[in-house]
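Structure first, then comments.
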Amino acid sequence: MDLTERYRLDGRSPRSVIHPRTVEEVAEALREAARSGWAVVPWGSGAHQGYGEAPSRYDLALDLTGLSGIVRHRPANLTVRVEAGIRLADLNAQLAAHGQWLPLDPPPGDSATIGGILATGLSGPLRARYGPPRDLLIGIRVVLADGTVVQGGGEVVKNVAGYDLPRLFCGSLGTLGVIVEAAFKLWPRPKTEATALFGFARAEDAMPLTLGLLRHPGFPLAVEVLNAAAWAELRRQVPLPETPEARIWVLVRAGGWPASVERVLRDAENLAAAAQARERLSGDAAALLWAHVPRLTALPYPPPPDGLWVRLGVLPAQVAEALRTLEAFPDVRVIGQAQGTAGVIYARAHGPLEALLGWGEALRSFALARGGHFTLLNGPEAARRALGLWAPQRPEIAAMQRIKAQLDPHGRLSPGRMGW
């Protein structure tokens, strides 16, 4: 088997693959690519390669999984600097010995690399408490298209002057530079955790619970809302109750001191007056559940021809209406989940292409009509052409184009990935 086949993107294979193990090797690879006029696409786990347009040119796959170490961990300062190829799972396993963690859980789970998480900016259920990746990032080191190594930010949590460069690279899809190291502020691992599950007949019935927890002083770690298909998918991985009358499930994750955890769950139970089913989980059962929740809607790359993965952003009060809209097309099977206190909704749909396009257009229109946003994360090329990557057009695109022209004037890093 041709080793470059693993790195195919939309039917195109690179001429070569390089597996650097140091920052200097990354820099040398980019210098050589610049001399040859080659276009470069960075790779990590490959989980997020469906996000963004196919590269317009593609000569070299730069596999960064060899850069997988912890550069420096300062437990007393709650900071860590890591190489971009380290998997989130491996990083948190090492931080656990110090009672700390990097609280990120983006789709499709903790097998993603740090570089991939930053390049896409995707966030999971823990966003409810800790925010998206850019809120935890305090420093970054990147290699530009000509092999120049630059650094922004630092390893001091209050180093506000250093936030601009790190945030610039979050969500840039590898178009501005190759992320090789990142520094984060860490959090103590919660002393205890517990999860409450609530089943409802309708999404509207769940809104008093999700909105009531929006500003709860106990700061729930996550408030996730699942439709019936997502719950069924989760039940295949985790032993959970079967309650046919419940069509919507809300998962409330609480962490901290025992008294705080109990308060969050007790208040959640009081807010969930309309719940038809209630369950509590802790220990290994809860850990297994939350390991699978970020994977529920993720569509692998390359995507199947009958699959589409999208993200919506609306107000938390509009989540119930959004979940109804997800299921308005009878020819499309939808696995949907929402971050109930953030209004971020991920959905994976399967069905005939024509039905998928109609479904995607309905969601796009729904989000735009409410001042929200729509993002196509993965799907067939026909869907990307018809729906576009995101709507409305990201306001920072014009600025990113100007910065791209300065940092990569010959357009060699992931060219076309952002649609330009």
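Keep in mind that the numbers below use all heavy atoms, side chains included, and drop hydrogens, waters and symmetry copies.
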Heavy-atom closest contact ([X] atom, [Y] atom, distance):
X      : Y      : result
Pro316 : Gly340 : CB-O, 3.6 Å
Ala349 : Val332 : CB-CG1, 3.4 Å
Pro42  : Val178 : CG-CG2, 4.0 Å
Ala367 : Leu312 : CB-CD2, 4.3 Å
Leu356 : Pro305 : CD1-O, 4.5 Å
Pro300 : Asn378 : O-ND2, 3.2 Å

Determine whether the aromatic ring centres of Phe374 and Trp390 lie less than 6.0 Å apart. no
Exceeds 12 heavy-atom contacts within 6.0 angstrom, atom [atom1] of [X]:
X      : atom1 : value
Arg21  : CZ    : no
Glu242 : CD    : no
Trp420 : CH2   : yes

side-chain contact (heavy atoms from CB on, under 4.5 Å) test vs Ile345 passes for just one of Val310, Leu363, Leu326, namely Leu326
Exactly one of Val225, Val293, Leu323, Val344 clears side-chain contact (heavy atoms from CB on, under 4.5 Å) with Gln337, and that residue is Val293
Donor + acceptor pair across side chains of [X], [Y] (<3.5 Å):
X      : Y      : answer
Arg87  : Thr113 : no
Trp290 : Thr195 : yes
Glu327 : Asn227 : yes
Arg348 : His350 : yes
Ser282 : Glu193 : no
Gln276 : Arg247 : no
Glu361 : Ser365 : yes

**Item:** Steps toward side chain to side chain contact (heavy atoms under 4.5 Å, CB included) verdict (Arg311, His373)
**Value:** CA-CA 8 Å; Arg311 179 183 61 190; His373 61 80; 4.3 Å; yes
Hey, are the side chains of [X] and [Y] touching, using non-hydrogen atoms and a 4.5 Å cut-off?
X      : Y      : answer
Asp110 : Asn92  : no
Asp10  : Glu381 : yes
Pro75  : Asn77  : no
Thr375 : Leu377 : yes
Pro133 : Pro106 : no
Leu251 : Leu234 : yes
Leu64  : Leu62  : yes
Thr175 : Asp408 : no

Test log, rule side chain to side chain contact (heavy atoms under 4.5 Å, CB included), inputs Tyr7 and Asp63: CA-CA 9 Å; Tyr7 301 90; Asp63 188 322; 2.5 Å; yes
Hey, is [X] close enough to [Y] for a salt bridge, meaning N to O under 4.0 Å?
X      : Y      : answer
Asp105 : Arg295 : no
Glu269 : Arg278 : no
Arg370 : Glu321 : yes
Glu83  : Arg72  : no

Which distance, rounded to the nearest 0.5 Å, do you find between the [atom1] of [X] and the [atom2] of [Y]?
X      : Y      : atom1 : atom2 : result
Gln49  : Ser414 : CD    : OG    : 7.5 Å
Glu262 : Asp267 : CD    : CG    : 9.5 Å
Thr297 : Glu233 : OG1   : CD    : 10.0 Å
Ile179 : Leu137 : CD1   : CG    : 8.0 Å
Arg417 : Tyr58  : CZ    : OH    : 8.5 Å
Leu265 : Arg253 : CG    : CZ    : 12.0 Å

Note to self: Has Lys404 got a side-chain atom pairing as donor or acceptor with Ala399's backbone, closer than 3.5 angstrom?
What the structure shows: no
Examine Arg129 relative to Phe219 and say whether NZ or CZ is less than 6.0 Å from the centre of the six-membered ring and inside a 45° cone about the ring axis. yes
Those residues at least two apart in sequence (or on a different chain) that pass ring pair (Phe, Tyr, Trp, His ring centres under 6.0 Å) with His98 are His73
By salt bridge (charged side-chain N to carboxylate O under 4.0 Å, His left out), Arg215 pairs with (sequence neighbours left out) none
**Prompt:** Going through the checks in order, is the side chain to side chain contact (heavy atoms under 4.5 Å, CB included) test met by Tyr346 and Ile335?
**Reply:** CA-CA 8 Å; Tyr346 288 96; Ile335 298 172; over 6 Å; no
- Task: Would you check, one step at a time, whether the test ring-ring contact (aromatic ring centres under 6.0 Å, His included) holds for Tyr130 with Trp187?
- Result: CA-CA 9 Å; Tyr130 301 103; Trp187 284 77; 5.0 Å; yes
**OP:** Go through the steps to decide whether Val82 and Val71 satisfy the test side chain to side chain contact (heavy atoms under 4.5 Å, CB included), and finish with yes or no.
**Re:** CA-CA 5 Å; Val82 300; Val71 178; 5.8 Å; no
**Request:** Given ring-ring contact (aromatic ring centres under 6.0 Å, His included), test Trp249 with Phe198 step by step and report yes or no.
**Result:** CA-CA 6 Å; Trp249 285 84; Phe198 303 95; 8.9 Å; no
